[in-house]
Protein chains: 2
Amino acid sequence: MYKKIILYGVVLGLLIIGLKFAEYRFLIRSNSFEIYGGLIAILFTVVGIWGGSKYIKGKEVTVIKEVMVNAPAEFAVNENNLKHFNISKREHDVLILMAQGLSNQEVADKLFVSLNTIKTHSSKLFEKLNVQRRTQAVQEAKKLGLVP
Amino acid sequence: MYKKIILYGVVLGLLIIGLKFAEYRFLIRSNSFEIYGGLIAILFTVVGIWGGSKYIKGKEVTVIKEVMVNAPAEFAVNENNLKHFNISKREHDVLILMAQGLSNQEVADKLFVSLNTIKTHSSKLFEKLNVQRRTQAVQEAKKLGLVP
DNA sequence: TTTCAACTCATACTTTAGGATGATTTTGGT
DNA sequence: ACCAAAATCATCCTAAAGTATGAGTTGAAA
């Protein structure tokens, strides 16, 4: 870590020396500020991107590790899993009805909202449960104890 | 996207105006190059980090998450119900894959037949099980012990 | 008060599912 | 060998489902 800081400083110093040297040799003095300013801006934008990119963490890849438990005789929603998968109350409502085999339209009617709303909810559910289809969502939901 | 680019440009423009303004008001001209150079360097390092972080993805970070799932009970096909509902062997194959959340196309691929064939099978299944949708069919099939 | 997530709904579009119908080919049993 | 059921596939069409995007509302937390 210290090495990097020192290296950084040294590089900057050399750079300034280089610029100063160039100033007296190659460039028209009257325009130097604009030119140097621009160069420095570009240079340090790149430096920033380069330096910053090392400390930026990428997308988190969540690996779900399943732990088998015995399903209880009577059903109780697994609140933990609801939280784990960040499923909202309304999404859960939709999930329950979906698991009963209802179509989106039927779910919409039961919940007194529009078909579009249900589509939105179910799309988000599929994302959160990491599935593509409602049949898979229902499967997953049952396994996770989110629905009876 | 365009908004961001425009915003970026506007901010840079204002910045340059600000620096020029400051140049004639507050700072000693003789030292201006070093001061401005340093300021610009710092500023654009930050800009680089900030701007770059939005478009540069870091190494993926793997997060392991444990979730509790219901252990599947051991399963045996209820042959009686298969006969009762007059479900053929092939239809049963389709039903099983359907219950695993596969799409018709995926079922077709697994069974090495065409999509149309699967559609025919599933249509007949829905008739025989007296349901309208595949989600209902899966529900019913599980209840009847036709699939795990 | 600002901010933010959840909820709602819309439009426009693509993809699957499902229904109706008819045709050909296997295949198991008499 | 023959028949009936099962299995295969096609075409045409409609209905649901699903994706993507934007946007207005609201309630609760900072």
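Sequence lines set the chain letters: A, B, ... in the order given, protein chains first and strands last, and positions in each chain run from 1.
Residue A/Ile87 contributes atom CD1, which lies 16 Å from atom C1' of C/dC7 at whole-angstrom precision. The separation between B/Glu91 atom CD and D/dA7 atom C1' is 9 Å, rounded to whole Å. Rounded to an integer number of Å, the gap from B/Lys124 NZ to C/dG22 C1' is 12 Å. A straight line from CZ of A/Arg90 to C1' of C/dA6 spans 11 Å, rounded to a whole angstrom. Protein atom CG of B/Leu125 is 14 Å distant from nucleotide atom C1' of C/dA17, rounded to whole Å. Rounded to an integer number of Å, the gap from A/Leu102 CG to D/dA16 P is 13 Å. Taking atom CE of residue A/Met98 and atom P of nucleotide D/dA16, one finds them 15 Å apart after rounding to whole Å. A straight line from CZ of A/Phe126 to C1' of C/dT15 spans 14 Å, rounded to a whole angstrom.
A continuous path of Ile, Leu, Val, Met, Phe, Trp and Tyr side chains, each step under 4.5 Å between heavy atoms, connects A/Val147 with A/Val131, placing both in one hydrophobic cluster. Note on B/Val138: it does not cluster hydrophobically with A/Ile96, by side-chain heavy-atom contacts below 4.5 Å among ILVMFWY residues.
Residues from residues 132-148 of chain A placing a heavy atom under 4.0 Å of any atom in DNA chain D, listed by number, are A/Arg133, A/Arg134. Within residues 107-122 of chain B, the residues that place at least one heavy atom under 4.0 Å from DNA chain D are, in residue-number order, B/Val113, B/Ser114, B/Asn116, B/Thr117, B/Thr120, B/His121.
Taking 4.0 angstrom as the limit, B/Ser88 places none of its side-chain polar atoms (N or O) nearer than this to OP1 or OP2 of D/dA6. Regarding contacts with the backbone of C/dT16, every side-chain N or O of B/Asn104 stays at 4.0 angstrom or more from both OP1 and OP2.
At least one donor-acceptor pair under 3.5 Å links the side chain of B/Lys128 to the backbone N or O of B/Asn86.
Remark: B/Lys124 NZ is loosely packed, at most 12 non-hydrogen atoms of other residues, nucleotides or ligands lying under 6.0 Å away. For NZ of B/Lys142, the number of neighbouring non-hydrogen atoms (other residues, nucleotides, ligands) closer than 6.0 Å is greater than 12. Atom CZ of B/Phe75 has more than 12 neighbouring heavy atoms from other residues, nucleotides or ligands inside a 6.0 Å radius.
Nucleotides of DNA chain D nearest to A/Glu127 and B/Asn86 differ in position, and the one nearer the 5' end is that of B/Asn86.
Nearest heavy-atom pair, A/Leu144 versus A/Asn81, reported as atom, atom and distance to 0.1 Å: O-ND2, 2.8 Å.
We find the CD-CD1 distance between A/Glu79 and A/Ile87 to be 11.0 Å, quoted to the nearest 0.5 Å. Put simply, CZ on A/Arg134 and CG on A/Leu102 are 8.5 Å apart, with the number rounded to the nearest 0.5 Å.
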